[in-house]
There are 2 protein chains.
Amino acid sequence: MPSPKRDHLVDTAAALFQRDGFHATGIDTILAEAGVAKMTLYNHFKSKDELIVAALEVEGARYIAWLRGRADSLAEEPGERLLAIFDALEEWFEREGFNGCVFMKAACEYGPVTNPVHAAAAAQKRAVFDYMLENATSARLKDPRNLAQQLLLLHEGAIAVAHEFGAPIAARQAKRAAAVVIEDAG
Amino acid sequence: MPSPKRDHLVDTAAALFQRDGFHATGIDTILAEAGVAKMTLYNHFKSKDELIVAALEVEGARYIAWLRGRADSLAEEPGERLLAIFDALEEWFEREGFNGCVFMKAACEYGPVTNPVHAAAAAQKRAVFDYMLENATSARLKDPRNLAQQLLLLHEGAIAVAHEFGAPIAARQAKRAAAVVIEDAG
DNA sequence: ATCGAGGTAAACAGGTCTGTTCACATATAT
DNA sequence: ATATATGTGAACAGACCTGTTTACCTCGAT
């Protein structure tokens, strides 16, 4: 059931999970920040985990829309767009308060691949892969599937390193590696 | 102060953190598993966070020793060793019960780069970088620093993707990308 | 033989956590 | 005007968390 309160709750939760992680963010904190009653939460969701999954889904949609939007506006050709992805990443890393990737955090905190939270995080990464595959195919590059998988590795690696070391420059290094890999598939 | 009890405690903690994460692993669980009294913990460490840092340090030493050992035994030439790193990763990912990287989990759960736990995790990643740089330099490859950074991206990306999707094959994809990037620096 | 270091066991304190209960408010659509 | 759905507020239960206190044990070195 859609509802403005529900949406606001999910948005607030997504922001706090992003900033502080999942186990470290209590329900009461989210409710206070959102200005919503506890029973409203438990009317819309069976548990905190369900709220987490919902938050990951909307945040996932937001991220992929942002990534496509940035890359598509930075470059016209699909081959160029594959590279533009890493320019978009750099913009993200440079933003004040960059604190890592909420989907990576979800996969880390909910380790087992069978866990619904982990699965929701993986689904978002798959959407990134799909966007890469789309462009690799349009660009008529060799073995687009393999290329997209390698670019996904660089995407994840850039996020991890940028966060671990507080080093936004990881995006540019990933872009250089991506250029070499794409060239190889040309 | 070294002590067998202390060592056993740290080892047990490292294993449980690795498996279940940090916030999700309570002190009592660790103590029960290790068969050690709570006061022994608090005699050796001021807090849980200090225990976490100690666990990351010993686990970090263990990981880097294992990685060097595997890569050095799989290949003689430094250039080959850079590639062998990814063969070692594949062995790791294929092990039953592979559940992601405890250092990545630490960086994720303790987001702020200034956090001591985060810093301990980053230090371990730097040791991996150092090993890569060492080999890139010995192999007289172009811009070894840059190359090592790109290989670190692939290392992190492979771990992240392998865990997110339960896909050990990420190691082989990373190896292929690494080959291209190394070739480019040849 | 005695002293001190390291370890043990168990209870305790004080928080925080998720999730529930229940009585009440509001607003919209019929 | 009244029924239905949605939200509120506050208290509560019960579990779990980190860290402390206290009394006791054991064993090796002096």
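Predicted model only: the values in this text are computed from it and were never measured. Reminder, nothing fancy here: chain letters follow the sequence lines and each chain counts from 1.
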Discussion item. I need the minimum non-hydrogen distance between A:Thr12 and A:Ala34, along with the two atoms involved.
Written reply: OG1-CB, 3.6 Å
Response to the item:
To the nearest angstrom, the CG-C1' distance between B:Asp20 and D:dC17 comes to 16 Å
Discussion item. I want to check one thing: is the phosphate of C:dG7, taken as OP1 and OP2, less than 4.0 Å away from some side-chain N or O of B:Ser3?
Written reply: yes
Response to the item:
DNA chain C nearest-nucleotide lookup for A:Ala24 and B:Arg6: closer to the 5′ end is B:Arg6
Response to the item:
A:His23 NE2 to C:dT16 C1', in whole Å, measures 14 Å
Fill in: Short side-chain N/O contact from B:Lys48 to OP1 or OP2 of D:dT18, under 4.0 Å
yes
Worksheet entry | Short side-chain N/O contact from B:His44 to OP1 or OP2 of C:dG7, under 4.0 Å | yes
Worksheet, complete the sentence: Atom CZ of B:Phe22 and atom C1' of D:dC16 are separated, to the nearest Å, by 20 Å
Worksheet item: Over how many whole Å does the gap from A:Lys5 atom NZ to C:dT26 atom P extend?
Response: 13 Å
Discussion item. Looking at D:dT6, I'd like to know if its phosphate oxygens (OP1 or OP2) sit under 4.0 Å from a side-chain N or O belonging to A:Thr40.
Written reply: no
Worksheet item: For atom CD of B:Glu183, is the number of surrounding heavy atoms from other residues, nucleotides or ligands below 6.0 Å larger than 12?
Response: no
Worksheet item: Are the side chain of B:His118 and the backbone N or O of A:His163 linked by a donor-acceptor pair below 3.5 Å?
Response: yes
Discussion item. Can you confirm if the aromatic rings of B:Tyr63 and B:Trp92 lie within a centre distance of less than 6.0 Å?
Written reply: yes
Worksheet item: A:Tyr42 has a side chain; which of D:dT8, C:dA9, C:dT18 sits nearest to it?
Response: C:dT18
Worksheet entry | Test item: side-chain donor near acceptor, B:His23 and A:Glu109, under 3.5 Å | no
Worksheet item: Would you say A:Lys38 reaches C:dT21's phosphate, i.e. side-chain N/O to OP1/OP2 under 4.0 Å?
Response: no
Discussion item. Does a side-chain N or O of A:Ser47 approach OP1 or OP2 of C:dT18 to a distance below 4.0 Å, or not?
Written reply: no
Worksheet item: Could you state the CD1-P distance from A:Ile27 to D:dC12, rounded to the nearest angstrom?
Response: 20 Å
Response to the item:
To the nearest angstrom, the CD1-C1' distance between A:Ile30 and C:dC17 comes to 12 Å
Response to the item:
With the side chain defined as heavy atoms from C-beta on, A:Met39 is closest, among D:dG9, C:dT18, D:dG19, to D:dG9
Worksheet item: Could you give the CZ-to-P distance, from B:Phe45 to D:dT18, as a whole number of Å?
Response: 15 Å
Practice prompt. Could you check how far NZ of B:Lys46 sits from C1' of D:dT18, rounded to whole Å?
Written response: 15 Å
Practice prompt. For B:Asp28, answer base if it contacts any base atom (sugar-phosphate contacts may also be present), sugar-phosphate if it contacts only those atoms, and nothing otherwise; contact means non-hydrogen atoms under 4.0 Å.
Written response: base
